[in-house]
Amino acid sequence: MISSKDKELEDLINKLQSTHIDPKEAIRLQIKASRYITESPLDTPPATVGGFDLSFPNNARAAAIVIESSTMETIEEILEDMPVTMPYIPGLLAFREAPVILRAYNSLKAKPDVIMIDGHGRAHPRRFGIACHVGLILRKPSIGVAKSLLIGNAEEPGDNKGDWNPITLGNEVLGAAVRTKPGAKPVYVSVGNLISLEQAVELVLKMTTKYRLPEPTRRAHMLASRYKNTR
DNA sequence: GCGACAG
DNA sequence: ATCTTGTCGC
C-alpha cells in the first residue's frame with residue numbers, strides 16, 4: 001500500500017530539490033520536512049564516511065570525499081560544478097548548496113554509509129538544516145558539522161579532545177559543541193538524519209586526527225578550494 | 001522595533 | 001563563502 005504520507009514525503013523530497021524557490025515557500029517546506037527526520041541510533045558502525053564542502057570560484061563547486069573509517073584513507077574524490085541559483089540566506093543555506101552536493105554524491109561510485117556536511121542539521125531555526133535536507137533526500141544517515149552557531153547556546157567545552165556540551169534552546173537539545181582539538185574553537189555537531197546525537201559526536205571524534213575539523217569535511221574543503229586560482 | 005544570522 | 005601577508009602563540 002502507498003499511504004498518503006508516503007506521497008507527501010515524495011512530494012516534499014522533490015520540492016526540496018528546487019533550484020529556484022521563494023523564501024516563504026522554502027520555509028514552509030522545511031517545517032513540513034522536519035517531521036520526517038529520524039534520530040534513532042544507527043545499528044551498524046559505518047565502514048565508510050563521506051564528506052562534502054563547497055567553494056565558489058565562480059559557480060558553485062562541490063567536493064565529495066569518501067573515507068574508510070578503519071584506515072582513514074580516502075578511497076574516492078569527486079568535484080562537480082553547477083551554476084549558483086540562490087543567494088545565501090541564513091536558514092536557507094540548503095537551497096543554495098544542496099543541488100551541487102547531490103550531484104557530487106550521485107557521481108560517487110562508493111556510496112558512503114554516513115555523510116558529514118559543512119553546516120548544521122537539527123541545530124536550525126526549523127530543525128532542518130542542510131544536513132537534514134540532504135540526509136532526507138538521500139534517505140541516508142547524515143551529520144551536520146558547523147564552525148559556528150546559527151541558533152541555540154552552548155557552554156564552552158573543556159579543553160581536552162572529546163569534551164563536549166549540549167547546544168540548547170529552551171528545553172531542547174539541538175546538538176553538541178565538541179572540542180576536537182585543544183586550544184581550537186569547538187565544532188558544532190548536530191543530527192542530520194537516521195543517527196543519534198551521541199553517535200554523531202562519537203563519529204566526528206573518531207574521524208578527527210590532528211586538526212579541528214574531522215577528516216571528511218576537512219579534506220572535502222581542501223579539494224573544493226584547491227584549484228580556485230587555477231583551472 | 002532591535003539584533004542575530006550555517007556558508 | 002570571498003578579498004589576502006604577516007604574525008602571535010603553543
Side-chain angles (χ1 to χ4, degrees), chain A residues 16 19 21 23-24 26-27 29-30 33-34 37 51-65 79-104 115-136 142-154 158-161 167-170 172 174-193 197 200 204 210-214 216-230:
Chain A
L16 287 175
T19 51
I21 189 169
K24 294 295 181 187
I27 288 174
L29 290 178
Q30 292 182 324
S34 171
I37 292 301
F52 298 80
D53 192 31
L54 303 197
S55 69
F56 296 82
N58 172 36
N59 288 325
R61 171 168 296 171
I65 293 275
L79 272 180
E80 288 290 347
D81 283 25
M82 202 175 220
V84 176
T85 58
M86 291 284 286
Y88 165 65
I89 300 172
L92 300 182
L93 174 69
F95 290 92
R96 173 179 168 84
E97 304 195 342
V100 220
I101 288 179
L102 292 169
R103 172 170 292 189
I115 61 180
M116 297 192 359
I117 297 181
D118 239 37
H120 292 102
R122 304 230 85 179
H124 175 278
R126 268 84 60 191
R127 313 296 180 268
F128 198 73
I130 190 167
C132 298
H133 191 113
V134 174
L136 183 65
S142 62
I143 299 170
V145 182
K147 298 181 290 300
S148 64
L149 283 175
L150 176 56
I151 57 163
N153 301 288
D159 200 41
N160 293 312
K161 176 178 178 180
I167 296 171
T168 62
L169 186 58
E172 279 184 277
L174 307 179
V178 184
R179 185 125 274 150
T180 49
K181 175 181 181 176
K185 294 177 60 60
V187 148
Y188 301 94
V189 178
S190 60
V191 170
N193 196 20
L197 176 60
V204 163
K210 56 191 297 193
Y211 305 97
R212 175 164 85 122
L213 297 178
T217 286
R218 196 184 72 83
R219 290 179 198 175
H221 189 292
M222 290 185 68
L223 178 58
S225 308
R226 172 176 260 165
Y227 308 104
K228 199 163 295 180
N229 301 305
T230 313

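First the proteins, then the strands, lettered A, B, ... as listed; each starts at 1. Side chains are part of it too, since the values below use all heavy atoms of this structure and drop only hydrogens, waters and symmetry mates.
Nearest heavy atoms, P23(A) versus I89(A): CG-CD1, 4.1 Å. Closest approach of L197(A) and S190(A) over heavy atoms only: CD1-CA, 4.3 Å. Heavy atoms only, all atoms of each residue included: E80(A) and V100(A) are closest at O-CG1, 3.5 Å.
Taking a cutoff of 4.0 Å between a charged side-chain nitrogen and a carboxylate oxygen, R103(A) and D81(A) do not qualify as a salt bridge.
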Give each protein N/O atom lying under 3.5 Å from an N/O atom of nucleotides 5-7 of chain B, with the pair distance.
from   : atom 1 : to      : atom 2 : distance (Å)
dA6(B) : OP2    : Y88(A)  : OH     : 2.5
dA6(B) : O4'    : H120(A) : ND1    : 3.4
dA6(B) : N7     : G91(A)  : N      : 3.0
dA6(B) : N6     : G91(A)  : O      : 3.0
dA6(B) : N6     : L92(A)  : N      : 3.4
dA6(B) : N6     : L93(A)  : N      : 3.2
dA6(B) : N6     : H124(A) : NE2    : 3.4
dA6(B) : N1     : I130(A) : N      : 3.2
dA6(B) : N3     : H120(A) : N      : 3.1
dG7(B) : OP1    : K147(A) : N      : 2.8
dG7(B) : OP1    : K147(A) : NZ     : 3.3
dG7(B) : OP2    : S148(A) : OG     : 3.3

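No contact: H133(A) has no heavy atom under 4.0 Å from any strand.
By the neighbour-count criterion of 12 heavy atoms within 6.0 Å, atom NZ of K185(A) is sparsely surrounded, having that number or fewer from other residues, nucleotides or ligands.
Taking atom NZ on K161(A) and atom C1' on dC10(C), their separation rounds to 18 Å, with Å as the unit. Atom CZ in R61(A) sits roughly 11 Å away from atom P in dT2(C) (whole-Å rounding).
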